[in-house]
There are 2 protein chains.
Amino acid sequence: MHTNESSENYLEVILVLSKTRPVVRSVDVAEELGFKKSSVSVAMKHLRERNHITVTKEGYIYLTEDGKAIAEMIYERHQFLSDWLVTLGVSKEIADEDACRIEHVISKESFEALKKQMI
Amino acid sequence: MHTNESSENYLEVILVLSKTRPVVRSVDVAEELGFKKSSVSVAMKHLRERNHITVTKEGYIYLTEDGKAIAEMIYERHQFLSDWLVTLGVSKEIADEDACRIEHVISKESFEALKKQMI
DNA sequence: CCTGTAGGTTAGTATATGCTAACCTACAGA
DNA sequence: TCTGTAGGTTAGCATATACTAACCTACAGG
């Protein structure tokens with residue numbers, strides 16, 4: 001279940017998009033991230049190869065068990081870190097940007113410790 | 001004064017090493033980071049080109065004003081983030097590793113907000 | 001004097017990422 | 001029917017980083 005920061009981001013975006021629309025396609029991911037469709041195409045190929053997603057012949061992207069686990073972990077971190085920064089007085093936008101970077105590098109231990117403190 | 005994560009790390013290490021020894025050389029940096037001397041050599045070339053360091057003909061590395069400013073900012077973040085995580089109950093080792101990654105991605109705003117909360 | 005070692009550099013390799021350009025397929029609509 | 005557009009793929013480029021291999025210089029010590 002090894003991943004890179006970029007893969008984690010793609011998986012998270014797929015999860016988020018799937019919450020608000022019936023199906024997620026490469027173009028949707030590209031638009032959301034502001035990336036070119038070719039970049040997303042290559043990234044999806046990698047995610048397929050690593051069994052993090054499956055793609056139907058119509059181009060609909062679905063998270064596998066593995067992919068979903070990663071996506072949900074990252075998404076939870078994102079939500080939590082963003083909210084936490086906002087409680088510290090950081091603006092919503094900056095909090096979101098920072099959460100988006102910190103979520104990929106913080107350890108499980110530190111994240112859990114932070115959650116515990118916030119209860 | 002533009003930098004990458006890797007450059008920031010090198011500058012921080014140079015600063016830290018200079019606190020405990022009279023001079024800092026490429027090999028010292030390589031040993032500290034666990035990198036090969038060739039990698040450090042190339043990195044030092046980039047830091048020279050961007051005027052973040054100067055290197056004497058003996059191979060002694062010194063931070064420029066710019067380089068020192070970056071190094072000290074990152075070092076302050078490192079210290080603070082590491083201490084903060086330890087107060088949350090994270091082990092010294094993990095806190096240090098996490099600080100080392102978060103220090104490069106957290107925004108000025110968030111860092112200041114966190115500092116304020118810790119007073 | 002001569003050789004081995006320390007410190008440094010350069011060239012070329014590899015991975016991760018995103019980009020542009022060119023191309024393909026399928027389908028909607030004049 | 002014919003064409004334009006949407007969605008997707010592939011090839012090749014560019015940057016950031018670290019690595020291995022090969023080489024150079026200088027100096028210590030037999």
Side-chain angles (χ1 to χ4, degrees), chain A residues 1-14 17-18 21-63 67 70-71 74 97 100-105, chain B residues 1-14 17-18 21-63 67 70-71 74 97 100-105:
Chain A
M1 207 169 94
H2 171 261
T3 36
N4 311 312
E5 177 159 335
S6 125
S7 292
E8 287 179 356
N9 237 325
Y10 280 115
L11 293 172
E12 184 187 10
V13 165
I14 292 167
L17 290 180
S18 72
R21 61 190 78 198
V23 292
V24 178
R25 299 162 307 160
S26 270
V27 269
D28 303 323
V29 174
E31 195 192 352
E32 177 72 15
L33 288 169
F35 289 168
K36 297 302 172 183
K37 59 183 182 170
S38 56
S39 306
V40 176
S41 177
V42 173
M44 294 307 107
K45 190 171 152 190
H46 291 158
L47 291 180
R48 268 202 316 273
E49 288 168 359
R50 289 167 204 169
N51 289 310
H52 292 323
I53 62 171
T54 56
V55 182
T56 68
K57 56 185 158 315
E58 293 81 22
Y60 301 156
I61 302 167
Y62 295 99
L63 296 171
I70 296 167
I74 296 292
E97 287 171 20
C100 209
R101 290 191 297 265
I102 299 173
E103 69 194 20
H104 304 290
V105 301
Chain B
M1 203 168 98
H2 172 261
T3 34
N4 312 313
E5 178 159 334
S6 122
S7 291
E8 287 180 356
N9 237 325
Y10 281 115
L11 292 172
E12 185 187 8
V13 166
I14 292 167
L17 290 180
S18 72
R21 59 191 81 197
V23 293
V24 179
R25 299 161 307 160
S26 270
V27 269
D28 302 322
V29 175
E31 194 192 353
E32 177 73 15
L33 288 170
F35 289 168
K36 297 300 171 184
K37 59 183 180 167
S38 56
S39 307
V40 176
S41 177
V42 174
M44 292 307 109
K45 190 172 153 191
H46 291 157
L47 291 180
R48 269 202 316 274
E49 287 168 358
R50 290 168 203 167
N51 288 309
H52 292 323
I53 62 170
T54 56
V55 181
T56 68
K57 57 185 157 316
E58 293 81 24
Y60 301 156
I61 302 168
Y62 295 99
L63 297 170
I70 297 168
I74 297 292
E97 286 171 21
C100 208
R101 289 191 298 265
I102 299 174
E103 69 194 19
H104 304 290
V105 301

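Throughout, a chain's letter reflects where its sequence line sits, starting with A, and its residues are numbered from 1.
In this structure, NZ of A/Lys57 is placed 18 Å from C1' of D/dT9, rounded to the nearest angstrom. Rounded to a whole Å, the CZ atom of A/Arg25 is 17 Å from the P atom of C/dA26. Rounding to whole angstrom units, CD1 of residue B/Ile61 and C1' of C/dT9 are separated by 14 Å. Rounding to whole angstrom units, NE2 of residue B/His104 and C1' of D/dT17 are separated by 14 Å. Going from atom CZ of B/Arg101 over to atom C1' of D/dT17 covers 17 Å, rounded to whole Å. Atom C1' of nucleotide D/dT25 and atom CD of B/Glu58 are separated by 14 Å, given to the nearest angstrom. A straight line from CG of A/Asn4 to P of C/dT15 spans 13 Å, rounded to a whole angstrom. Atom CD of A/Glu8 and atom C1' of C/dT17 are 15 Å apart (whole Å).
Each of B/Arg50 and B/Val42 has a nearest nucleotide on DNA chain D; the 5'-most of these lies closest to B/Arg50.
With hydrogens and angles ignored, no donor-acceptor pair under 3.5 angstrom links the side chain of A/Lys36 to the base of C/dG18. For A/Ser41 against D/dT10, no side-chain N or O and base N or O form a donor-acceptor pair under 3.5 Å.
Nearest to the side-chain atoms of A/Ser6 among the listed nucleotides D/dT10, C/dT17, D/dC19 stands C/dT17. Side chain of B/Val27, nearest nucleotide from D/dT17, D/dT20, C/dG8: C/dG8. In this structure, of D/dT10, C/dT9, D/dC19, it is D/dT10 that holds the atom nearest to the side chain of A/Ser38. Considering only side-chain atoms of A/Ser39, the nucleotide from C/dT10, C/dG18, D/dT10 that sits closest is C/dG18.
Listed pair B/Ser26 / C/dG7 fails the phosphate criterion, with no side-chain N or O lying under 4.0 Å from OP1 or OP2. One finds a side-chain N or O of A/Tyr10 lying less than 4.0 angstrom from the OP1 or OP2 phosphate oxygen of C/dG18.
Exactly one residue among A/Ile70, A/Leu47, A/Asn4 makes a side-chain contact (heavy atoms from CB on, under 4.5 Å) with A/Tyr10. That residue is A/Leu47.
Side-chain N or O atoms of A/Thr3 include none that pairs as donor or acceptor with a backbone N or O of A/Ser7 at under 3.5 Å.
Between the CZ atom in A/Arg50 and the CZ atom in A/Arg48 there is a gap of 12.0 Å [rounded to 0.5 Å]. Here the straight-line distance linking atom CD of B/Glu8 with atom NE2 of B/His52 works out to 9.0 Å at 0.5 Å rounding. Separation of atoms CD1 (B/Ile74) and CG (B/Asn9) is listed at 8.0 Å; rounding is to 0.5 Å.
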